[in-house]
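Please read the structure below before turning to the comments.
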Amino acid sequence: MSKKENPQFAVFGLGRFGGSLVTELSNHGVEVLAVDNDLEKVEEYAQIATHALQANTIEEHVLKSIGIRNFDYVIVSFGDNLQESILTTLLLKEMGVKKVWVKAQNDYHHRVLEKIGADRIIHPERDMAKRIAHHIVSDKILDFIELSNEFSIAEIRATTKVANHTLTELDTRAKFGCNIVAIKNPQQIIVSPSADQQIQEDDILVVIGHNKDIERFEKLGV
């Protein structure tokens, strides 16, 4: 099945995270419905979102009235109101919404969301803290994104240690168990670089693999 060309998004909760998400989606030309109980917040994002609506999302008839089943993604991003977050998520899944992503406040909230079928659970503050921590502890790691609890993608700056070496010579898969899937520099981005691609100092290596393997490569390989 081909990917839908123009997926529709709805964001429930227009706090700092939800509001920023609406803004970024809109900047990318994506159709997005912004929903909140607070009329002031709805009015704030009415000029940014495709549509903005004041609504109580724990009422099933309200969700039906806005045709929420027609949306491809619904992101639930309420502040500290765990009950509203949980009940809204439960209703959305019972109504057959394809993808429900939810911002979690803590591990307890995360576990409940898992049990009621949230498709993806987001921890913005924790995830950003991890990315910053990796950048702080190593001047070679420029970015770090977790794909799961065990696997990640990292951007690692190439040093003189690997400069003028090809990917074949580095052989990161055999030596470290991770793969270089792209190389970035000010001139270009090389996706799926060939085995004879030569690395230059200060190239950005986009590496995917097990967290421990990436850490080992960062410490010993570059």
Side-chain angles (χ1 to χ4, degrees), residues 1-55 57 63 66-79 84-85 88-89 92-93 95-105 110 113 117-132 134-135 141-148 151-156 181-193 204-208:
M1 182 181 293
S2 61
K3 191 173 182 179
K4 189 172 179 181
E5 188 173 339
N6 296 306
Q8 289 186 306
F9 293 77
V11 177
F12 289 179
L14 302 177
R16 283 179 298 177
F17 177 72
S20 296
L21 188 56
V22 168
T23 300
E24 290 304 316
L25 288 170
S26 298
N27 287 342
H28 283 81
V30 173
E31 289 191 13
V32 54
L33 168 67
V35 181
D36 201 285
N37 267 327
D38 188 331
L39 180 58
E40 188 175 327
K41 289 182 179 178
V42 171
E43 291 175 342
E44 179 182 350
Y45 287 94
Q47 303 302 315
I48 299 172
T50 312
H51 302 286
L53 180 68
Q54 182 186 24
T57 61
L63 297 179
I66 62 179
I68 201 63
R69 287 186 62 184
N70 297 320
F71 285 79
D72 302 281
Y73 293 85
V74 180
I75 298 94
V76 180
S77 175
F78 296 116
E84 188 174 8
S85 171
T88 298
T89 302
L92 291 169
K93 294 310 298 179
M95 294 174 67
V97 175
K98 301 177 186 71
K99 296 290 183 182
V100 180
W101 293 15
V102 191
K103 176 187 173 184
Q105 296 298 321
H110 184 116
L113 293 171
D119 296 285
R120 183 165 178 176
I121 302 168
I122 309 163
H123 294 264
E125 293 86 359
R126 187 182 71 183
D127 294 345
M128 181 55 69
K130 287 184 177 181
R131 294 172 72 175
I132 291 172
H134 277 96
H135 182 61
I141 293 184
L142 304 180
D143 204 355
F144 191 92
I145 302 173
E146 285 190 332
L147 301 176
S148 70
F151 291 89
S152 300
I153 295 177
E155 290 188 349
I156 302 175
V181 296
I183 299 173
K184 298 164 59 178
N185 58 49
Q187 287 74 44
Q188 61 184 337
I189 299 176
I190 304 169
V191 180
S192 299
I204 307 303
L205 310 179
V206 182
V207 182
I208 186 170

How long is the gap from [atom1] on [X] to [atom2] on [Y], to the nearest 0.5 Å?
| X | Y | atom1 | atom2 | value |
| --- | --- | --- | --- | --- |
| Glu84 | Phe78 | CD | CZ | 4.0 Å |
| Thr23 | Glu44 | OG1 | CD | 8.0 Å |
| Lys93 | Leu113 | NZ | CG | 12.0 Å |
| Glu125 | Gln105 | CD | CD | 7.0 Å |
| Ile122 | Lys103 | CD1 | NZ | 9.5 Å |
| Ile141 | Ile204 | CD1 | CD1 | 11.5 Å |

Heavy atoms, side chains only, cut-off 4.5 Å: are [X] and [Y] in contact?
| X | Y | answer |
| --- | --- | --- |
| Val97 | Ile68 | yes |
| Leu63 | Met95 | yes |
| Ile208 | Leu147 | yes |
| Ile183 | Leu205 | yes |
| Thr50 | Leu33 | no |

If every non-hydrogen atom of [X] is compared with every non-hydrogen atom of [Y], which pair is closest and at what distance?
| X | Y | answer |
| --- | --- | --- |
| Ala104 | His123 | CB-CE1, 3.5 Å |
| Ala154 | Phe144 | CB-CD1, 3.9 Å |
| Gln8 | Asp72 | N-OD2, 2.7 Å |
| Val30 | Pro7 | CG1-O, 4.2 Å |
| Gly15 | Tyr45 | O-OH, 4.5 Å |
| Ala34 | Ala49 | CB-CB, 3.8 Å |

Backbone N or O of [Y] within a donor-acceptor pair of the [X] side chain at under 3.5 Å?
| X | Y | result |
| --- | --- | --- |
| Gln54 | Asn37 | yes |
| Asp36 | Lys41 | no |
| Ser26 | Ile48 | yes |
| Glu43 | Ala52 | no |

**Message:** Parallel, tilted or perpendicular: which one describes the rings of Tyr73 and Phe9, with boundaries at 30° and 60°?
**Reply:**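 The arrangement is parallel - the two ring planes meet at less than 30°.
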**Asked** What residue among Ile75, Leu21, Val11 forms side chain to side chain contact (heavy atoms under 4.5 Å, CB included) with Val32?
**Response**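 The option that passes is Val11.
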**Asked** Is the number of heavy atoms from other residues, nucleotides or ligands under 6.0 Å of Glu40 CD greater than 12?
**Response**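 Incorrect, the count does not exceed 12.
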**Message:** Check Lys98 with Asp119, please: is the shortest side-chain N to carboxylate O separation under 4.0 Å?
**Reply:**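 The answer is no: the pair does not qualify as a salt bridge.
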